[in-house]
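Per chain, numbering begins at 1; letters A, B, ... match sequence-line order.
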Number of protein chains: 2
Amino acid sequence: MQEILFAMNKCDQCIVRQLTSLKALNKEEVIKLANSKTTYSIKKGEAIFEEGEITNGVFCVKDGIGKLSKLSANGKDQIVKLVKSGELLGQRSMISNEPANLSAKAVADMEVCFIPKAEIIHFFNNNNQFSMNLMQTVCEDLKESENDKIALAQKTVKQRLAETLLYLHATFGENTDKTLKVQLTREELAGMIGTATESCIRLLSDFNKLELIELVGKKIVLKNVKALKKLAE
Amino acid sequence: MQEILFAMNKCDQCIVRQLTSLKALNKEEVIKLANSKTTYSIKKGEAIFEEGEITNGVFCVKDGIGKLSKLSANGKDQIVKLVKSGELLGQRSMISNEPANLSAKAVADMEVCFIPKAEIIHFFNNNNQFSMNLMQTVCEDLKESENDKIALAQKTVKQRLAETLLYLHATFGENTDKTLKVQLTREELAGMIGTATESCIRLLSDFNKLELIELVGKKIVLKNVKALKKLAE
DNA sequence: ATCGGAGTATGATAAATGTCATATTTAAAA
DNA sequence: TTTTAAATATGACATTTATCATACTCCGAT
């Protein structure tokens, strides 16, 4: 009994459970979850899994920021999505029974929990609310991806940069000195908007001169959110 | 009894059932399906649903070809996906409980069946194989969308055009005169690859001169698939 | 505190793509 | 068959973006 309570608490108090499909789990299921999960610490720059790897489960992000990316033929690392606390990683390839299509790496130190495939499938088959939640998460990802696709096809690099800076600000917030909390290199930022690193740097310079942003060393401060929004359309 | 058999046949013999998540349904469920579905004929150019509409169900494509697209601020219609016989439309927004993010229009005359949301949700909650199939379909769409995103971000218009022509050929096949079966206007083709109509026309001209394709009026014949594949990388 | 390398910045130039104007062709309607 | 509007094609040019070269700057390791 003591043990069960202990095990349960391990997941029961985790913030992630309030945010993901996992919120649909009942007490019994949470105990099952707590007993099968494994926790990992991932240092900035390290990989959680690599493209082509078979993961056999999903990773739950407890803390930190990660990027999902794919190395393209020309050697550029295209960032498809950033993930933060409360998101699941590797759901898609697990459900499709395929090796990972993307690599997952830490952009800031991360804490993640690994949940084996068998657990997820069990919850999926026995808890309608859970399966619906999971389904909705994937649908949300799909919508976002489709909208990104449209932006990539129709907006200029400048617009996409403005949009991405606003996204980073809205999603990950700022430090006390107003700089963006996610600290991506210029190369990573270029990889998010789909452009060359130099083009990205050049446009940041332009934005700086126009006082839309301020460059504090390698960090970025958004100075004129309204104008950035207008620029992004 | 006579009636039940009749109703059942209506969906039981439909090819679509062999291709979609619907293949997991049992006899009883197929009868339920047959009794609740509505069949529509959509003429080329007509809409099945428009962006922002609440559909309250999914559309099953029995025949023909459709496009999912979104009108962007600059007035261009970005095509996100083409659908053919055996695919479901509107699953995403139905599951997310949101108005449609995209418009669905016929590119060639279509036959579609509408299945009300209540039916789908019922199958989802009571048939694990169905819910898993549906989930896998959405995951497949997500993977495709992510890969499209990478292509848009990293490939040139020329590469994307080659890639798209190969996709149209592989997915929809050719007529007896070797021309592509899907007949998109140059504007639609431009909308698929995310470029200006004139750029698309110009590149088609180039491909024609290089004997990679042949332009037969408004129709297109792929003449050198190998070279196109190489071009697309 | 200094050094060295990665990351950032900027210039010069080339290449890709968009835009606007205008001609030509196609296919459907009269 | 002729007519006509829409679609396709092409030229001229502007703009955007990539590429290559080089310089600068930050920050951690020594």
Strictly below 4.0 Å: does [X] bring a side-chain N or O up to OP1 or OP2 of [N]?
| X | N | answer |
| --- | --- | --- |
| Ser199(B) | dT17(C) | no |
| Ser205(B) | dT10(D) | yes |
| Lys76(A) | dA18(D) | no |
| Thr195(B) | dG18(C) | yes |

Between [X] and [Y], does at least one N-O distance fall below 4.0 Å, as a salt bridge requires?
| X | Y | value |
| --- | --- | --- |
| Asp141(B) | Lys81(B) | yes |
| Glu214(B) | Lys178(B) | no |
| Lys67(B) | Glu188(B) | yes |

Take atom CD1 of Ile201(B) and atom C1' of dT25(C), then tell me their distance rounded to the nearest Å.
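Between C1' of dT25(C) and CD1 of Ile201(B): 12 Å.
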base_contact_polar (dG18(C) base, Arg202(B) side chain, donor-acceptor, <3.5 Å):
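A donor-acceptor contact between them is absent.
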Can you check whether any acceptor in the base of dT10(C) is under 3.5 Å from a donor in the side chain of Arg186(A), or vice versa?
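Looking at the base of dT10(C), it does not pair with any donor or acceptor on the side chain of Arg186(A) (distance under 3.5 Å).
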Scan Leu204(A) against the nucleic acid and name what it touches under 4.0 Å (heavy atoms): base, sugar-phosphate only, or nothing.
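No contact.
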Assign the ring pair Phe59(A) / Tyr40(A) to parallel, tilted or perpendicular, where the plane angle (0 to 90°) is split at 30° and 60°.
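Phe59(A) and Tyr40(A): tilted rings.
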Return whichever of Thr197(B) or Arg160(A) has its heavy-atom-nearest nucleotide of DNA chain D closer to the 5' end.
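Its nearest nucleotide being more 5', the pick is Thr197(B).
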